[in-house]
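Letters A, B, ... are given to chains in the order of the sequence lines, protein chains preceding strands, and every chain is numbered from 1.
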Number of protein chains: 2
Amino acid sequence: MSRRRVTISDVAELAGVSYQTVSRVVNNKPDVSESTRKRIQKIIKETGYRPSQIARSLVTARTATIGLVVPDISNPFFSAVARGVEQLAYSQGYSILLCNTGEDVTRELDVLHTLHERYVDGVIVCGLRQEDALLQEALANFKAAVLVNRRLQGEPVPAVLIDDELGGYLNTQHLIQLGHTAIGFLAGPAASYSGTQRRLGYSRALVEAGILLEEKWITNFTPTVSDGEAAAEVMLQANPELTALICHNDLMAVGALRYCAASGRRVPEDIAIIGFDDIMLATLVSPPLSTCHVPRVEVGRIAASMLIEQINDKADWSDEIVIQPHLVIRASTAAPAGVSDDAIMQPTPDHIPLG
Amino acid sequence: MSRRRVTISDVAELAGVSYQTVSRVVNNKPDVSESTRKRIQKIIKETGYRPSQIARSLVTARTATIGLVVPDISNPFFSAVARGVEQLAYSQGYSILLCNTGEDVTRELDVLHTLHERYVDGVIVCGLRQEDALLQEALANFKAAVLVNRRLQGEPVPAVLIDDELGGYLNTQHLIQLGHTAIGFLAGPAASYSGTQRRLGYSRALVEAGILLEEKWITNFTPTVSDGEAAAEVMLQANPELTALICHNDLMAVGALRYCAASGRRVPEDIAIIGFDDIMLATLVSPPLSTCHVPRVEVGRIAASMLIEQINDKADWSDEIVIQPHLVIRASTAAPAGVSDDAIMQPTPDHIPLG
DNA sequence: CTGAAAGCGCTAACAG
DNA sequence: CTGTTAGCGCTTTCAG
């Protein structure tokens, strides 16, 4: 049904003052007598007047809006980041323009153009596949920008990065400390930045422990449950010597869990399995999954606060924050058969097994 | 680093025409000679000129933006709806302003005010707890509005509703057809609209089958895994005659599954369990959960298309679309002990059990 | 085919 | 303390 919008002039007329005076009370500026201020406030309340951000933005060249670009908001990783971004932004008076790219590289530039046309004060950009130079060029249109989990060649753009290398290292080190030496790596897509980093951490931990890295112990799949299942099957049939699997993420790890259940392998007694991300699902499967926790909401909050600092000229374009993930040991990892339990710190399962 | 914005006048000056002419080519209007059009287009491309949506909105009173209000974007239900809204909106040239309310009733009105100030063309509102009259009042500020899964007293507001009553009915009917007669209902919070509806469907199916409804077979809990676990324990210990449990949602159903596993009850042989929503998790637990599927992305798409029709005056404020959920039979439901399998259509498990 | 003028609703200087 | 005058960058209307 919608009603007519009341403007600043309507209020001014009702109050019998110039609209300038109304503007002053709306913006809490001085130089208005208490009596007229009160009177105007009363009228504002009665009429339900709301200042037009549009008109305001046109003159101030600020929109109090930030653009958030993600591949897919229904992906739990990005929706958690979005939650964090929104939390912090809202507390500072900013609104969020949300853009999905649907993993489509053309659309990535597209939405950045849209955001530019809408004069957003800054953009937070997650998981884009766009090549460095073009992305750089597109971001130059904004007063402020923050990348999530990506670093650009050339001119630096502020970024919040997850230390995936460390995550891969921690996962691997955990298994090594339990006594594993034949550790497979179910990697994600070869092109993925975080995938590469996690794999580097895996290598570093092996080298540090003096374990030879076998190329055949690494395989690339899509990071989904069904691919994790397939990957585990391929891997364990080709390399029966493996006693542990490190998975690119929790979904793949759950897939691996399923394959093990289906093929009669016990986890963690026959095969130790560890994931990455620490999604809710990790706590619900059987056995509950050991994994590397990534604080996703925190990532969003930090990205937003970096962005707002840039907008306020309190930061420059070279900042970079690296977030450390940490191990969460549940029940899917344990010492391999044949290694005495006494020699090893054994995690206590904290969940009733399911099914 | 950000660069200076180029305006329509900059382009006009470079082209040696009035900015009017530039406006014409930008908006693909007639009455411009091919040669000047080409020339201007070239300059637009070179300078990277983008029209200011802000200025444009100020004069057209349209922002090509829709507000999306959700309690929590990191909740999979709402992020799926958001995905649907975004998909359709983007295809029609609209952008999304995303607002979380964090389940906070005050903030609900707050964000609606913000969206009003930003002149969004319409709002899609999901899962708000605000009382009818106040919500109604706040929505009257918008040219268009769509409610998701809520119906307002008084003036009708367009809504896309999920037929929860039908869902509850289908779930119950399924169990009755399998031969169950002692069917517990693990309900969600008593105040929840969809909860009430699902329960009504449960009653209807029982009545239809001539089964007496026992109040003690119904219990209210929070719709989480842990509460589902607790609810199942309370229910099954107090009512050992039960052979099936209907759960308010999949999370509770997973909790019930866990309790059964922990207490040595086999599912579906000893207890049949059915959920609601069909979240990803439902396919991954053991046994895979029978449930009632709610097409969440579709809900978002429909809401967006209804909204855009309203914006374009192609719809009025009384439309209402009801989405039918449907059964997904997996392996957590079967005939109760003592009922001959021959007499009953038995679902085939389509998933390898986990753990 | 093109330009000039007016105004969207507001803020930011200046005058009184 | 308050009002007046300019725009912000664009679309719309009306003259050329």
Using only heavy-atom distances, decide whether a donor-acceptor pair under 3.5 angstrom links the side-chain of A/R24 to the base of D/dG3.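 Under the 3.5 Å cut-off, the side chain and the base do form a donor-acceptor pair.
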Round to a whole Å and report the spacing from [atom1] of [X] to [atom2] of [N].
X	N	atom1	atom2	result
B/R62	D/dT11	CZ	P	13 Å
A/K38	D/dC1	NZ	P	13 Å
B/I54	C/dC8	CD1	C1'	13 Å
A/N27	C/dA12	CG	P	7 Å
A/R118	D/dG9	CZ	P	18 Å
B/E117	C/dG9	CD	C1'	13 Å
B/Q53	D/dC8	CD	C1'	16 Å
A/Q20	D/dC1	CD	P	16 Å

Contact nearer the 5' end of DNA chain C, comparing B/S18 with B/L58: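 Comparing both residues, the 5'-ward one is B/S18.
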With DNA chain C as reference, determine whether B/T60 or A/V26 sits nearer its 5' end, using the nearest nucleotide of each.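 So the residue in question is B/T60.
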Taking only the side-chain heavy atoms of A/S23 (C-beta and beyond), determine which of C/dC10, D/dC10, C/dT11 contains the nearest atom.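 Selected nucleotide: C/dT11.
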Which nucleotide sits closest to the side chain of B/V59: D/dG9, C/dC10, C/dA4?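 Of the options given, the side chain of B/V59 lies nearest D/dG9.
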Over all strands shown, is A/V17 touching base, sugar-phosphate only, or nothing at heavy-atom distances under 4.0 angstrom?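 Sugar-phosphate only.
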Looking at [X], does any N or O in its side chain come under 4.0 Å of the phosphate oxygens OP1/OP2 on [N]?
X	N	answer
B/T36	C/dC1	no
B/Y19	D/dT12	no
B/T21	C/dG3	yes

Determine, stepwise, if the pair A/D72 / B/R83 fulfils salt bridge (charged side-chain N to carboxylate O under 4.0 Å, His left out). CA-CA 7 Å; A/D72 176 6; B/R83 178 90 176 104; 2.9 Å; yes
Taking the six-membered ring of A/Y193 as reference, does the NZ or CZ atom of A/R151 fall below 6.0 Å from its centre and within a 45° cone about the axis?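 So A/R151 doesn't make the cation-pi contact.
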Grab the two heavy atoms, one from B/C126 and one from B/F78, that are nearest each other, plus how far apart they are.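 Answer, listing the atom of B/C126 first, then B/F78: CB-CE2, 3.7 Å.
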Determine whether more than 12 heavy atoms belonging to other residues, nucleotides or ligands lie under 6.0 Å from atom CD of B/E13.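 Atom CD in B/E13 is not packed in, count stays at 12 or less.
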Does a donor on one side chain and an acceptor on the other come within less than 3.5 Å for A/R118 and B/S95?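 Indeed, the side chains of A/R118 and B/S95 share at least one donor-acceptor pair under 3.5 Å.
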